[in-house]
Amino acid sequence: MRTSYRPEDVTMLLKDITGLVTPMENIDRERMIQSGVHYSEMIPKEHAPSDAYLQTFHSGLQRFAKPTAKAVEIVSEQILQDKGEKAVLVSLARVGTPIGILIKHYIKQTYGVDVPHYTISIIRGKGIDKNAVRRLLQHHQPEQLQFVDGWTGKGAIQRQLAEAMKEFPHIDEKVAVLSDPAHVSGKCGTHLDFMIPSSCLNSTVSGLISRTFCRNDIIHEHDFHGALYYEEFEQQDLSYLFLDTIEQEFHCDYHFPECVADARQTAFEEVKAIAETFHIRDINFVKPSIGETTRVLLRRIPWKILVHSLDDTEHLGHIYQLAREKHIPVEVYPFVYYQSCGLIRDMADQRGNIMNVFFSDLDGTLIYSHKRNVPNPKRPVESLDGNIISYMTENTYQYLTMQTQYCFVPVTTRTEQQFKRISVFREEIPCQYALVCNGAILLENGNVNAEWMQESERLALDALPELRNMAEYLHHHCDGNHVHSVGNFMVYFVGDDAGTICQELEMIADRDKMIVCYHRNKLYCIAKNLTKGSAVRRFMQKYPCVHSIASGDSTLDIPMLSAVNTALCPEEIAPFVGGHIVPMQGEIFSDQICEYLKGGISDGN
């Protein structure tokens, strides 16, 4: 197996699969994983870290070199006390590999003993590489072997090891780690959940090898599990910078605070409580500990990140930075055993489709009236009575017709009939779902979802008398030909005096039950429980999504923009939007939205 580690530091019992497997982007892997493909049957496509994140890594390396070195020292002494000078280190690729090298170097530098060090693969759900274990037993006594990893999260790998060693009963099943917040390992440097700097990067701090791989068409009966070599990152390789920096702090004067298990709750019980709190059915989607949180941000598509504090830059600075770059929400959770936790939400809708959702208003956001100065090239998208009345920029059209990264869900005050006038949504731009009438009606493949509509009617029931009062007022004071009622959900008026009429209605409307607002020449009276924000939240409860982005241009869009992970909106309404905001410039900004979406949830590290 090719690696940037020196041969004298580690023997890799892995099959080199470089060139045999095409690495996949995280979003594609997540889709496959949650559709039933095992994570070990794919290799993640890795990217060079951003400059900002690299600065965070280097800063973290300096801050945590001493605690990492002290943890290496403590666990090395425990290994020697148990196994003696004939110990054989067996690190679990790839997180355990640099830790095994550090332990090997500590023992050699301190005692002059050069203990053997191997790296083998263990895969959650598939088990340990039995061919590699048999190779080890050809050269060493089982009692000599000591498994090594970086840290414990839930303790899944420790449980996997215990199960695997039933076939090899004379091998010690207990793993040695630097950090064991789960309180499950046999040997550890500390039970404190602290940042081990090697957790902050992927292959560029792990000998340029991938995570391990096992798929029957490539890994045959007598093969070791596989990994590939990332040759393209040789100029960015920091594997020995990490090792050298830690080794300079061997025998430093550092003391870990005492971490005692809570008698009222185990670490795994805390993990189960997190899953229950956030309605996560699969415990594997809960990734506790700083190390696991970091790996989730680097290799998966997290839903949100939990932290013990939003102000702990010393320990969690790299997590804050990654979450900012990937637009993942971060919130505080009262941990007992951990400092942070990554949550992966089930992304499948009822048809098993993986959903990263892009919600968007239409008029003034993605499509524009013929009365506005839409730059060329542009494409007509709506006609009425033989006349073109709306356009979309050509760049926006091309992006929306080609993109597959998001489930695109239009969210509009338009009625069902008005929405269906937009020709491109019939064939060219796929819209499996659309929320019309300000979200009161859900269209699925062009058909009204009856269950959704019944729920909307229930939500609007309390506002119905007031809605009728608003309709009566508008018919009495305005041209009745321009007043339109939409079921029991909404009344709107189109006219040049919409602003004036809005001010009059605001004086008499029951604002606890009714939203009264206007945008350009349209006045809307809408049941207060039927905002775009409530519609988006209902949609995400019905079809859980891993990441949500919304774009809009008016006050009617503010509830929707505040309900998602990332909001794309003009600067004038940004102060009224909660959450992560990306301001858009100018009046025609749909192309800016599309440029953002091209990289909005890509794996930047």
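All values below were derived from every heavy atom in this structure, side-chain atoms included, with hydrogens, water molecules and symmetry-related copies excluded. Small disclaimer: the values here were computed from a predicted structure and weren't measured.
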Looking at side-chain heavy atoms only, is the closest gap between [X] and [Y] below 4.5 Å?
X: S590; Y: Y368; answer: yes
X: S551; Y: I549; answer: no
X: K287; Y: R295; answer: no
X: F335; Y: L306; answer: yes
X: I422; Y: R414; answer: yes
X: P375; Y: I588; answer: yes
X: F213; Y: V21; answer: yes
X: L467; Y: K513; answer: no

Shortest non-hydrogen contact from [X] to [Y]?
X: M514; Y: A527; result: SD-N, 4.0 Å
X: P302; Y: L297; result: CG-CD2, 3.9 Å
X: A182; Y: G153; result: CB-O, 3.3 Å
X: A574; Y: I581; result: O-CD1, 3.3 Å
X: E325; Y: S50; result: OE2-OG, 2.5 Å
X: L568; Y: L561; result: O-CD2, 3.9 Å

Give a yes or no answer on whether the side chain of [X] reaches the backbone of [Y] with a donor-acceptor pair at less than 3.5 Å.
X: K532; Y: V411; result: yes
X: Y320; Y: D312; result: yes
X: Y39; Y: R124; result: yes
X: Q592; Y: F589; result: no
X: S179; Y: L192; result: yes
X: S289; Y: E292; result: yes
X: S456; Y: W452; result: yes
X: N438; Y: L530; result: yes
X: Y397; Y: V424; result: no
X: E270; Y: V336; result: yes

- Item | side-chain contact (heavy atoms from CB on, under 4.5 Å) between Y338 and H308, worked out | CA-CA 8 Å; Y338 303 100; H308 78 98; over 6 Å; no
Distance check, rounded to the nearest 0.5 Å: [X] atom [atom1] versus [Y] atom [atom2]?
X: L435; Y: I441; atom1: CG; atom2: CD1; result: 10.0 Å
X: T531; Y: M560; atom1: OG1; atom2: CE; result: 10.0 Å
X: I274; Y: L343; atom1: CD1; atom2: CG; result: 7.0 Å
X: S203; Y: E232; atom1: OG; atom2: CD; result: 7.5 Å
X: T204; Y: F233; atom1: OG1; atom2: CZ; result: 7.5 Å
X: Y524; Y: L556; atom1: OH; atom2: CG; result: 6.5 Å

- Message: As a quick check of understanding, evaluate side-chain contact (heavy atoms from CB on, under 4.5 Å) for W303 and F278, giving each step before the final call.
- Response: CA-CA 11 Å; W303 168 44; F278 292 95; 3.9 Å; yes
- Task: Please test N529 against R458 for side-chain hydrogen bond (donor to acceptor under 3.5 Å, both in side chains), starting from the C-alpha separation and ending with a verdict.
- Result: CA-CA 10 Å; N529 288 335; R458 187 191 66 78; over 6 Å; no
Could [X] and [Y] be called an ion pair, given the rule that one side-chain N must be under 4.0 Å from one carboxylate O?
X: K542; Y: E455; value: no
X: K304; Y: E331; value: yes
X: E276; Y: K272; value: no
X: R372; Y: E587; value: yes
X: R211; Y: E46; value: no

- Task: Examine the side chains of E444 and N449 and answer whether a donor and an acceptor come within less than 3.5 Å of each other.
- Result: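 Yes, a side-chain donor-acceptor pair sits under 3.5 Å.
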- Does one side chain, of R324 or Q321, offer a donor that lies under 3.5 Å from an acceptor on the other?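 Checked: R324/Q321 side chains pair up, N/O donor to acceptor below 3.5 Å.
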- Query: Stepwise, does the side-chain contact (heavy atoms from CB on, under 4.5 Å) test hold for V357 with Y433?
  - Reply: CA-CA 10 Å; V357 185; Y433 308 100; over 6 Å; no
- Query: Would you call the rings of F358 and F408 parallel, tilted or perpendicular if under 30° counts as parallel and over 60° as perpendicular?
  - Reply: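 The rings of F358 and F408 lie parallel, inter-plane angle below 30°.
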- How are the rings of F425 and F419 set to each other: parallel, tilted or perpendicular (split at 30° and 60°)?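 Geometry flag for F419 against F425: parallel rings.
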- Query: In a check of side-chain hydrogen bond (donor to acceptor under 3.5 Å, both in side chains) between T365 and each of D553, T396, D557, which one passes?
  - Reply: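 Passing option: D553.
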- Query: Please walk me through it: do H315 and F64 pass side-chain contact (heavy atoms from CB on, under 4.5 Å)?
  - Reply: CA-CA 9 Å; H315 297 92; F64 290 95; 3.4 Å; yes
- Task: Could you point out which residue of L238, L298, T294 forms a side-chain contact (heavy atoms from CB on, under 4.5 Å) with L201?
- Result: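 The single option meeting the side-chain contact (heavy atoms from CB on, under 4.5 Å) with L201 is L238.
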